[in-house]
A.B. asks: 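Supplied in structure tokens, the structure appears directly below.
The figures that follow rest on heavy atoms only: side chains count, while hydrogens, waters and symmetry mates do not.
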Amino acid sequence: MTALLGDRVTTGSAAQQRESAVRARVAELEALLGDPSDPANPAGYTALLEADRAAVPFAAGEALLDEFGITDEYIPRALGGRLDAMDTLVRIMRPVFRRDVGLAMGHGMTTFMAASDVWTAGSSRQRHWLAGLLREGGKAAIAQHETAHSNDYVRSQVTARRGPDGYLISGGKPMVNNLERAGALVLFCRTDPSPGSRSHSVLLLEPEQLTDVHAAVTARRIPVGLRGCRFAGVEFDDCPVPRSALLGPEGSGIETALRSFQISRTVIAATAVAALDTSLRTAVRFDREQSGGWQSRGIDGGRTGAALTNAFVNLLLYDSLAVVATRALHLLPAETSVYSAALKYLLPRVLTETMYDLSIVLGSGFYTREGTLGIFQKHVRDVPVLSLGHAGTVACQATVIPQMPRLARGSWFVEDEAPSGLFRLSGDLPPLRTDRLALACGRDSLSATMLAVAAGIDGNSSVERALRTLAGQLVEEFRDVRGRVLRLESAGSGAATQPAKFALMDRYALLLAGAAVLGLWDQGRYGPDPFLADPSWAAAALHRIARRLGARVADLPPECETRIRHEVQLRFSTQTSYDLYSTPIPG
């Protein structure tokens with residue numbers, strides 16, 4: 001299979017109609033979920049926190065998602081679903097993540113992760129079978145985690161050796177979400193005892209293929225985060241499965257996983273913004289209830305106002321890279337391995353810093369587990385789980401670091417800038433071609449956009465001058481990173497150079513976020529949102545990045561922070577999301 005989402009091509013008014021349809025679907029889902037702060041709402045915070053305490057799935061929320069037909073969003077249009085672009089899926093799933101990360105992962109995104117492998121590598125029969133299962137309300141599970149080996153999935157403890165009519169599976173997976181209620185299981189296993197890239201394969205299993213004698217579900221685990229998700233283990237003992245269960249060619253498991261990771265890690269990391277959105281909104285509400293908000297304290301808002309502003313800027317800079325990485329799946333598939341890994345790598349850092357900023361506002365309320373404020377503590381426990389697993393921090397570093405020398409030699413400072421469509425919040429995208437998702441390609445056009453935009457910033461206002469200066473500093477930081485990468489390559493691959501490589505990858509990920517900010521601001525100047533057209537948010541985001549990089553930066557102009565602080569309060573009052581899409585939300 002080469003085109004995951006079919007051969008859709010639309011232009012002009014058709015693209016506008018598509019955007020209107022996406023907005024309508026998001027609004028429909030928001031309306032179904034209702035006001036989260038209403039205690040009488042069966043899908044509100046009161047009910048979902050009760051389910052969390054009981055460590056059970058959030059039944060009322062799942063029922064509403066079924067009513068909406070959420071599983072159709074995971075199925076490509078060519079197979080009878082509604083999935084036509086990954087940015088659309090992210091936008092539709094954000095309302096669910098804003099409400100409850102556990103609901104989003106337990107009811108749907110785990111199924112999407114498993115389905116991505118099938119859409120990418122499955123036969124026509126396998127794809128149509130899974131699409132039918134999902135359309136009927138079924139779920140899929142994916143078994144890749146290797147908790148005994150720090151989630152190094154290529155050290156699989158499950159083996160599948162050739163049997164009389166297929167394969168005999170042995171070994172176990174201790175943590176599989178939705179295993180007990182899945183109608184399909186995507187299993188990553190070793191099919192060749194020899195080391196190498198062809199040692200693993202993927203199997204698509206149906207429950208009726210597994211016999212109680214040879215396969216047993218082990219006790220359910222209740223984690224600290226995502227308590228409502230149903231994690232359980234499975235143990236195989238020479239369990240026979242037909243050869244038709246093989247997903248893709250034998251030995252293609254690692255390649256399939258690395259390609260599907262680019263899709264799943266991007267989509268999940270991009271939707272995680274919505275949980276930070278809720279955390280920020282919760283802190284603003286608390287601040288208003290406790291002290292009347294910024295108007296009662298004066299325009300600067302003091303330390304609390306600065307904390308809310310910092311959290312908002314954090315969210316915007318992360319969302320900038322999220323938007324770019326998601327659209328790159330379609331527009332720059334060969335380059336996506338770097339962008340998706342950088343996005344997922346930054347998730348725990350942005351989460352930690354944002355929650356710290358907001359804890360200043362909440363004080364002891366940070367620990368509250370009930371009422372409207374209780375959702376904050378739940379997100380604190382749930383969101384970090386998204387940054388763990390087979391596509392966690394170490395896996396992201398391992399994806400990017402080996403590519404940096406090649407990028408430094410042949411792409412950085414010589415590549416053409418990325419297409420403008422990469423930085424638009426709407427508009428048509430070409431079909432996603434999974435065969436063009438490269439493991440490495442030696443190109444990075446996103447960073448070239450940073451150079452181009454930085455060189456073209458004009459205007460004489462204090463904020464525009466600050467943005468121009470900050471963009472220039474990031475360009476020089478990027479030049480320094482390139483020089484250091486090349487010097488390390490010349491020094492060889494000894495153990496002494498390894499810490500420096502990790503540090504340079506960290507700087508590079510932040511610079512990619514800065515490039516995304518500049519690209520989105522540059523395109524935003526011609527868009528309908530006056531806030532995104534304003535240089536204030538971009539200057540604040542680059543200021544945040546430059547400080548993380550250790551650069552000496554001047555204080556931002558006071559009007560820059562005032563503009564952002566006003567936007568924080570405005571979006572709360574008008575019930576608009578804090579992400580780049582500014583979506584109307586209930587409650």
Side-chain angles (χ1 to χ4, degrees), residues 150 152 154 195-197 254-255 258 261-262 265 321 324-325 328 332-346 348-349 391-418 437-455 470-519 542 545-553:
S150 300
D152 182 357
V154 297
S197 61
I254 293 176
E255 182 179 352
L258 291 175
F261 285 172
Q262 294 181 42
R265 67 162 49 130
L321 186 56
V324 166
L332 300 171
E335 301 178 32
T336 301
S337 66
V338 168
Y339 306 148
S340 65
L343 176 67
K344 189 70 180 294
Y345 171 78
L346 288 178
R349 170 182 287 196
T393 298
V394 175
C396 294
Q397 291 169 321
T399 297
V400 177
I401 289 173
Q403 299 188 56
M404 291 176 66
R406 184 180 174 191
L407 292 169
R409 289 193 311 269
S411 180
W412 294 343
F413 289 91
V414 297
E415 190 72 57
D416 292 334
E417 60 185 291
L437 292 172
L439 306 186
C441 80
R443 295 184 59 187
D444 169 17
S445 55
L446 173 57
S447 63
T449 294
M450 176 172 65
L451 308 181
V453 175
L470 287 162
Q473 286 182 282
L474 291 196
V475 170
E476 291 309 308
E477 288 285 333
F478 186 36
R479 198 182 307 278
D480 182 68
V481 167
R482 179 178 183 271
R484 290 175 184 273
V485 169
L486 292 175
R487 287 195 291 274
L488 279 179
E489 185 185 25
S490 299
S493 57
T497 65
Q498 295 306 312
K501 291 178 180 178
F502 284 94
L504 287 171
M505 186 268 167
D506 183 81
R507 294 176 67 190
Y508 179 40
L510 290 169
L511 289 166
L512 287 175
V517 167
L518 284 171
L542 295 196
I545 291 170
R547 292 183 63 181
R548 286 174 177 158
L549 290 168
R552 290 189 174 184
V553 292

A.B. asks: Between Ala448 and Glu415, which heavy-atom pair has the shortest distance, and what is it?
C.D. replies: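 Shortest heavy-atom separation between Ala448 and Glu415 comes out as CB-O, 3.3 Å.
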A.B. asks: What's the separation between atom OH in Tyr508 and atom CD1 in Ile401, rounded to the nearest 0.5 Å?
C.D. replies: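 Going from the OH atom of Tyr508 to the CD1 atom of Ile401 covers 12.5 Å.
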A.B. asks: Would a 4.5 Å heavy-atom cut-off, applied to side chains only, mark Val475 and Phe413 as touching?
C.D. replies: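 Yes, close enough: below the 4.5 Å cut-off.
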A.B. asks: Going through the distances and angles, do Arg265 and Thr399 end up as a side chain to side chain contact (heavy atoms under 4.5 Å, CB included)?
C.D. replies: CA-CA 12 Å; Arg265 67 162 49 130; Thr399 297; 4.0 Å; yes
A.B. asks: Starting at CD of Gln473, measure out to CD1 of Ile545 and round the result to the nearest 0.5 Å.
C.D. replies: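 Rounded to the nearest 0.5 Å, the CD-CD1 separation comes out at 12.0 Å.
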A.B. asks: Which atoms form the tightest heavy-atom contact between Trp412 and Ser447, and what is the distance?
C.D. replies: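 It is CD1-OG, 3.7 Å.
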A.B. asks: Looking at residues at least two apart in the chain, or sitting in another chain, which of them share a salt bridge (Lys or Arg N to Asp or Glu O under 4.0 Å) with Arg409?
C.D. replies: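 Partners of Arg409 by the salt bridge (Lys or Arg N to Asp or Glu O under 4.0 Å) criterion, ordered by chain and then number, come out as Glu489.
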A.B. asks: Counting neighbours of CZ on Arg487 that are heavy atoms of other residues, nucleotides or ligands and sit closer than 6.0 Å, is the number greater than 12?
C.D. replies: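 Counting other residues, nucleotides and ligands, CZ of Arg487 exceeds 12 neighbours.
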A.B. asks: Of the non-hydrogen atoms in Glu335 and Leu446, which two are nearest, and what is the gap between them?
C.D. replies: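 So the minimum-distance heavy-atom pair works out to OE1-N, 4.3 Å.
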A.B. asks: Any chance you could lay out the side chain to side chain contact (heavy atoms under 4.5 Å, CB included) test for Leu510 and Leu346, step after step, and finish with the verdict?
C.D. replies: CA-CA 8 Å; Leu510 290 169; Leu346 288 178; 4.0 Å; yes
A.B. asks: Looking at Ala334 and Ala438, what are the two nearest heavy atoms and their distance?
C.D. replies: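 Closest approach of Ala334 to Ala438: O-CB, 3.8 Å.
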A.B. asks: Mind listing the closest non-hydrogen atom pair of Gly442 and Leu407 along with its distance?
C.D. replies: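 Reported closest heavy-atom pair: C-CD2, 3.5 Å.
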A.B. asks: If you measure from CE on Met505 to CE on Met404, what distance do you get to the nearest 0.5 Å?
C.D. replies: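 Rounded to the nearest 0.5 Å, the CE-CE separation comes to 8.0 Å.
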A.B. asks: Please tell me if the side chains of Ser340 and Phe261 come closer than 4.5 Å, counting only heavy atoms from C-beta onward.
C.D. replies: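 Ser340 vs Phe261: side chains apart.
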A.B. asks: Side-chain contact test, heavy atoms from C-beta onward, threshold under 4.5 Å: evaluate it for Asp444 versus Leu512 and give yes or no.
C.D. replies: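 They are in side-chain contact.
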A.B. asks: The criterion is side-chain hydrogen bond (donor to acceptor under 3.5 Å, both in side chains); which residues satisfy it with Tyr345, sequence neighbours excluded?
C.D. replies: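 With neighbours one apart ignored, the set is Asp506.
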A.B. asks: Quick check for you: to the nearest 0.5 Å, what is the distance between Ser337 atom OG and Leu437 atom CG?
C.D. replies: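 CG of Leu437 is found 9.0 Å from OG of Ser337.
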A.B. asks: Measuring from atom CG of Leu332 to atom CZ of Arg443, what distance do you get when rounded to the nearest 0.5 angstrom?
C.D. replies: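 So the gap between those two atoms works out to 7.5 Å.
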A.B. asks: Determine, stepwise, if the pair Thr449 / Leu518 fulfils side chain to side chain contact (heavy atoms under 4.5 Å, CB included).
C.D. replies: CA-CA 8 Å; Thr449 294; Leu518 284 171; 5.8 Å; no
A.B. asks: How long is the span from the CG atom in Leu451 to the CD atom in Glu417, to the nearest 0.5 Å?
C.D. replies: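 Here the interatomic distance stands at 9.0 Å.
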A.B. asks: For residues Leu488 and Ala500, report the shortest heavy-atom separation together with the two atoms involved.
C.D. replies: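 Closest heavy-atom pair between Leu488 and Ala500: CD1-CB, 3.8 Å.
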A.B. asks: Might you work through the side chain to side chain contact (heavy atoms under 4.5 Å, CB included) test for Val481 and Leu511, ending with a clear yes or no?
C.D. replies: CA-CA 10 Å; Val481 167; Leu511 289 166; 3.9 Å; yes
